[in-house]
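Just so it is clear, the values below take in all heavy atoms, side chains as well, and ignore hydrogens, waters and symmetry mates. In what follows, chains carry the letters A, B, and so on, assigned in the order in which the sequence lines appear, proteins first and then strands, with residues in each chain numbered from 1.
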Amino acid sequence: KNEVEQSPQNLTAQEGEFITINCSYSVGISALHWLQQHPGGGIVSLFMLSSGKKKHGRLIATINIQEKHSSLHITASHPRDSAVYICAVIIQGAQKLVFGQGTRLTINP
Amino acid sequence: NAGVTQTPKFRILKIGQSMTLQCTQDMNHNYMYWYRQDPGMGLKLIYYSVGAGITDKGEVPNGYNVSRSTTEDFPLRLELAAPSQTSVYFCASSQVLGRSYEKLFFGSGTQLSVL
């Protein structure tokens, strides 16, 4: 079993829908990153969380340390949100990143 | 600021050849990482460094070597290229102070084919 599991692996939705991507992990962590990888391959960091909730535009990320779970929400989704979203955790004491397998999101117009 | 710069963007190697993937960051970040991403797969950590002079293995270090002689540079060396090393390679950096973590910054990637 992977230390970091994302769900769903693939998600297709219509423009305007509310999107939720989940990330569960089985180890103690120091922090969690949400990343976005566009079809061209470039990777951009969306959020870094160690507790609570962060919001940037239409994107919201939450983390529950006790439940070892984080979610990434997209409100009013748009075709330009189509990308692979990746959860990565910094393992406590190890100082290295472990990645989830990614969620491929497709937003249709 | 240029951020994280990786070179080259593309490379084709013959089996047994060697090469160095260059990575430079101008943000004075202490942490640097090398990842590989195989087609349709997630990112896997090859090596990482928490500061100049300090490196450590990740999940898939075999066939690779790294060095971190300066804060800015973190080159990845392939000594004897094998077809299994065909992948896209990403370098990343971040600033970590105690328990304070900042965002990751990624290079644009190097697409490597070993034939």
Side-chain angles (χ1 to χ4, degrees), chain A residues 1-10 21 23-25 27-52 54 56 59 61 63 65 70 72 83-104, chain B residues 2-6 9-10 23 25 27 29-51 54-61 66 68 74 87-112:
Chain A
K1 190 177 187 300
N2 291 337
E3 292 166 310
V4 182
E5 295 278 353
Q6 285 185 237
S7 63
Q9 288 194 339
N10 293 283
I21 298 170
C23 175
S24 296
Y25 51 91
V27 294
I29 69 168
S30 301
L32 180 145
H33 294 270
W34 279 105
L35 311 170
Q36 180 190 56
Q37 185 171 28
H38 274 285
I43 301 174
V44 175
S45 178
L46 299 174
F47 296 102
M48 194 286 300
L49 294 161
S50 52
S51 64
K54 288 190 177 179
H56 187 274
L59 300 176
I63 188 168
I65 297 292
S70 175
L72 177 68
V84 176
Y85 292 84
I86 303 166
C87 167
V89 301
I90 299 172
I91 295 178
Q92 212 166 43
Q95 302 303 341
K96 60 183 180 182
L97 278 171
V98 177
F99 294 86
Q101 75 275 33
T103 295
R104 184 173 299 277
Chain B
V4 180
T5 303
Q6 270 184 255
K9 291 193 187 306
F10 304 94
C23 178
Q25 53 94 5
M27 296 170 283
H29 287 168
N30 51 355
Y31 279 50
M32 295 187 75
Y33 307 87
W34 273 107
Y35 305 99
R36 60 178 286 173
Q37 186 175 37
D38 298 333
M41 304 294 285
L43 292 154
K44 291 193 182 295
L45 180 64
I46 305 171
Y47 270 96
Y48 69 104
S49 169
V50 302
I54 306 168
T55 62
D56 208 347
K57 295 177 181 179
E59 300 173 75
V60 290
V66 294
R68 184 99 182 267
F74 191 41
S87 191
V88 179
Y89 292 82
F90 289 98
C91 178
S93 73
S94 180
Q95 184 66 13
V96 179
L97 292 173
R99 293 185 178 183
S100 172
Y101 294 85
E102 296 185 7
K103 278 188 176 183
L104 281 165
F105 290 81
F106 283 82
S108 55
T110 296
Q111 191 165 324
L112 176 67

| field | Which atoms of A:S30 approach chain B - backbone, side chain, both or neither, heavy atom under 4.5 Å | value |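 Both backbone and side chain of A:S30 come within 4.5 Å of chain B.
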
| query | Which region of A:I90, side chain (C-beta onward) or backbone (N, CA, C, O), has a non-hydrogen atom less than 4.5 Å from a non-hydrogen atom of chain B, or is it both or neither? | reply |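 For A:I90, the contact with chain B is made by the side chain alone.
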
For the [atom1] atom of [X] and the [atom2] atom of [Y], what is their distance to the nearest 0.5 Å?
X	Y	atom1	atom2	answer
A:L35	B:L104	CG	CG	6.0 Å
A:Q36	B:F106	CD	CZ	12.0 Å
A:E3	B:E59	CD	CD	7.5 Å
A:Q37	B:Q37	CD	CD	4.0 Å
A:L49	B:Y101	CG	OH	14.0 Å

| A:K54 atom NZ, over 12 foreign heavy atoms within 6.0 Å |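 More than 12 within 6.0 Å, yes.
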
| query | Would A:L97 and B:Y35 count as a side chain to side chain contact (heavy atoms under 4.5 Å, CB included) if you check the C-alpha gap in whole Å, the side-chain angles of each, and the deciding distance to 0.1 Å? | reply | CA-CA 10 Å; A:L97 278 171; B:Y35 305 99; 2.8 Å; yes

| request: Begin with the C-alpha distance, continue with both residues' side-chain angles, and end with the deciding distance and a verdict on side chain to side chain contact (heavy atoms under 4.5 Å, CB included) for A:V98 and B:L45. | output: CA-CA 7 Å; A:V98 177; B:L45 180 64; over 6 Å; no

| field | Any residue meeting side chain to side chain contact (heavy atoms under 4.5 Å, CB included) with A:S24, in chain and number order, not counting sequence neighbours | value |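 Listed in chain order: A:H69.
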
| task | Look at the side chain of B:K103 and the backbone N and O of A:M48, then say whether any donor-acceptor pair between them is shorter than 3.5 Å. | result |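 No; zero donor-acceptor contacts below 3.5 Å.
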
| task | Examine whether an atom of B:F90 lies under 4.5 Å from a heavy atom of chain A, and if so say whether it belongs to the side chain, the backbone or both; otherwise answer neither. | result |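 The side chain, not the backbone.
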
